[in-house]
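Heads up, the thing below is written out as structure tokens.
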Amino acid sequence: MSNQSESPNPTSSSNKITLKTSDNEVFEVEEAVAMKFCTVKQYFDDENNNNVTSGTSTTLIPLPNVESHPLAILITYCKKHLEIKANNADNKKEMEIDMEHYEREFLKNVMPQELTELILAANYLNFKEALDFFCRAVASAIQNKSVEYVRKFFGLESDFKPGEEEKLREEFAWSFEGVDED
Amino acid sequence: MTILRSSSKLEPKDSEEADKNSEPLIPGLPDHIVELCLLRVPYPEQPLVRSVSSSWKRLITDPTFLVSKNALSLSLPYVFVSAFHKSTARIQWQALDPRSGRWFVLPPMPQCPPGFVCVSLPRRGKLFVLGGVGSDTECSTQSTVMYRSSTNQWSVLSPMLTPRSCFAAGSVNGKIITVAGGGTSSTGPITAVESYDPEGDTWTPVANMGTCLKRYDSAVIGNKMYVTEGWTWPVRFSPRGGVYDPDCDTWRDTSQAMREGWTGLSVVLGDRLFVISEYGDCPLKVYDPDCDTWRYVGGQKFPRGEMNKPLAVNGVEGKIYVVSFGLKVAIGKVCEVGNGDFKVEWEMVDGPEAFHDFSALNCQVLYG
């Protein structure tokens with residue numbers, strides 16, 4: 001995914017906030033985007049930074065627990081989220097449909113390993129909508145799958161005692177029918 | 001937590017178990033985030049989650065899991081139906097996801113004496129099957145079994161104090177109340193009432209109803225349980241009934257208008273009692289407690305032509321679920337249109353081919 005966030009939006013006159021990742025990349029984002037990251041917002045509230053309130057210069061915020069790759073994706077997601085919300089301000093249903101459509105497309109470009117990175121970043125930034133979305137994505141990734149698929153997906157091994165697993169399978173036989181191809 | 005007598009065993013609390021507890025649910029992710037993910041797996045997929053690893057199984061079978069799911073508004077209602085299969089003479093439970101129309105068959109009950117009565121604690125994902133007539137003795141039994149959605153297992157609980165079949169049961173304030181019914185050959189019909197506390201797995205006798213009824217229907221409205229005889233042939237006497245208040249442990253009479261208008265299957269939505277009348281066009285009625293009168297519900301007519309008897313009914317969150325022969329389900333969306341009037345819209349979910357000769361016995365709604 002490209003780092004779209006670095007190109008400033010010429011039509012917007014709002015403040016810019018600069019985020020610095022653990023791998024020393026610098027992202028300049030709109031204040032509205034940065035404020036969706038509660039950790040960043042908290043930083044402002046705590047610091048009561050004069051530069052921000054004066055609205056003239058940008059502020060640099062270090063994010064020692066976030067790498068540039070997931071942050072770039074989260075910024076893209078956040079921008080789109082705000083855009084969809086603004087476009088459908090008076091129609092909640094339309095907004096949900098647009099958001100669902102965007103999220104479906106979004107997931108097509110996300111690899112399973114990336115999902116873990118994104119969850120950790122969203123969790124650190126305390127970006128609630130994204131965390132909820134990624135948790136839903138994990139939940140739907142395992143739906144209709146086999147036990148083997150789920151274990152492989154997450155790098156897990158069965159720790160059931162011999163016989164216990166067979167019993168579980170027998171007991172829950174109905175859930176193993178009609179699963180998707182791995 | 002409920003003490004389970006048979007099919008579920010207590011987890012051993014040895015050192016090996018403690019080691020397992022420290023293993024992450026998913027390597028590389030904090031456990032509380034994995035929990036947030038697994039909370040979003042819908043109930044029908046949970047057996048898969050339980051089979052992945054013992055730490056996953058432990059997480060989602062813990063009673064607090066459903067509490068968190070409820071708190072985050074992630075739990076959804078499922079329609080549980082017990083049905084009699086004519087050709088094999090077996091009773092089978094299955095659950096419908098009303099959003100997808102998919103059915104799931106539950107494991108067989110440990111015992112299923114005919115004439116049993118069902119009641120549930122929907123938010124706790126617990127369904128109780130009580131009493132019934134023992135097949136060997138042809139006498140009423142004290143049988144108490146419970147299904148838990150989070151384990152997908154049945155367990156046998158403390159038996160009722162009184163053997164009974166064909167009685168009234170309801171859940172009030174998290175407790176189960178069983179009322180009167182048929183007893184054994186030596187006791188005959190009984191009037192005894194008892195209350196079950198799921199926390200302590202104990203039954204306690206409470207105030208008797210006083211009279212035996214010919215048959216029983218009941219509804220819990222607020223924290224009171226209404227019991228009625230309904231109209232029985234020959235229609236010579238006005239139906240009898242009563243209302244039990246568990247806070248005061250007293251019975252009193254219900255109004256005559258309420259009893260006489262209770263002419264079919266009942267279901268409670270919010271604090272309103274609805275009845276699908278067994279007569280005529282099967283109109284849907286709602287009881288207005290302020291005016292002590294029944295009103296017809298507007299909107300669409302109940303699709304009675306498509307719904308072959310016997311019918312089982314339940315409801316939750318403004319929706320009535322009626323299950324017919326062949327497990328065809330009519331979902332009635334009820335909304336208030338002002339002035340105490342309601343209207344309904346019906347939507348049909350066809351029963352799967354595999355259930356074409358199943359008769360619905362009972363319908364419960366559980367959250368999962």
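Chain naming here is simple, since letters A, B, ... match the order of the sequence lines and numbering starts at 1 in each.
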Taking every non-hydrogen atom, the tightest pair across [X] and [Y]:
X	Y	answer
A:T116	B:G28	CG2-O, 4.1 Å
A:V147	B:S51	CG1-O, 3.5 Å
A:I119	B:C37	CD1-SG, 4.3 Å
B:R102	A:N144	NH2-OD1, 3.8 Å
B:V52	A:R151	O-NE, 2.8 Å
B:R50	A:F160	O-CZ, 3.4 Å

Quiz item: Can B:H32 and A:N123 be said to form a side-chain contact (heavy atoms from CB on, under 4.5 Å), step by step?
Solution: CA-CA 11 Å; B:H32 77 272; A:N123 183 51; 4.0 Å; yes

Quiz item: In this structure, are over 12 heavy atoms from other groups packed under 6.0 Å from A:E157 atom CD?
Solution: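 12 or below, so no.
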
Quiz item: Crowded around B:H356 NE2? As in, over 12 foreign heavy atoms under 6.0 Å?
Solution: no

Quiz prompt | Region of A:L156 in contact with chain B, defined by heavy-atom distances below 4.5 Å | solution =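 Contact with chain B is through the side chain of A:L156 alone.
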
Quiz item: Is any side-chain heavy atom of B:W56 less than 4.5 Å from a side-chain heavy atom of A:V150?
Solution: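 Heavy-atom side-chain distance check passes, below 4.5 Å.
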
Practice problem: May I ask you to test the A:L168-B:P47 pair for a side-chain heavy-atom distance under 4.5 Å? | Solution: no

Exercise. Output, in order, the C-alpha distance, side-chain angles, deciding distance and verdict of side-chain contact (heavy atoms from CB on, under 4.5 Å) for A:Q143 and B:L48.
Key: CA-CA 8 Å; A:Q143 278 175 43; B:L48 167 69; over 6 Å; no

Quiz prompt | From A:D132 atom CG to B:L74 atom CG, the distance as rounded to the nearest 0.5 Å | solution =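 The distance works out to 7.5 Å.
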
Exercise. Could you tell me the separation between the NZ atom of B:K57 and the CG atom of A:D159, rounded to the nearest 0.5 Å?
Key: 10.5 Å

Given a strict heavy-atom distance threshold of 4.5 Å, which part of [X] is in contact with chain A: side chain, backbone, both, or neither?
X	answer
B:L25	backbone
B:V49	side chain
B:L36	both

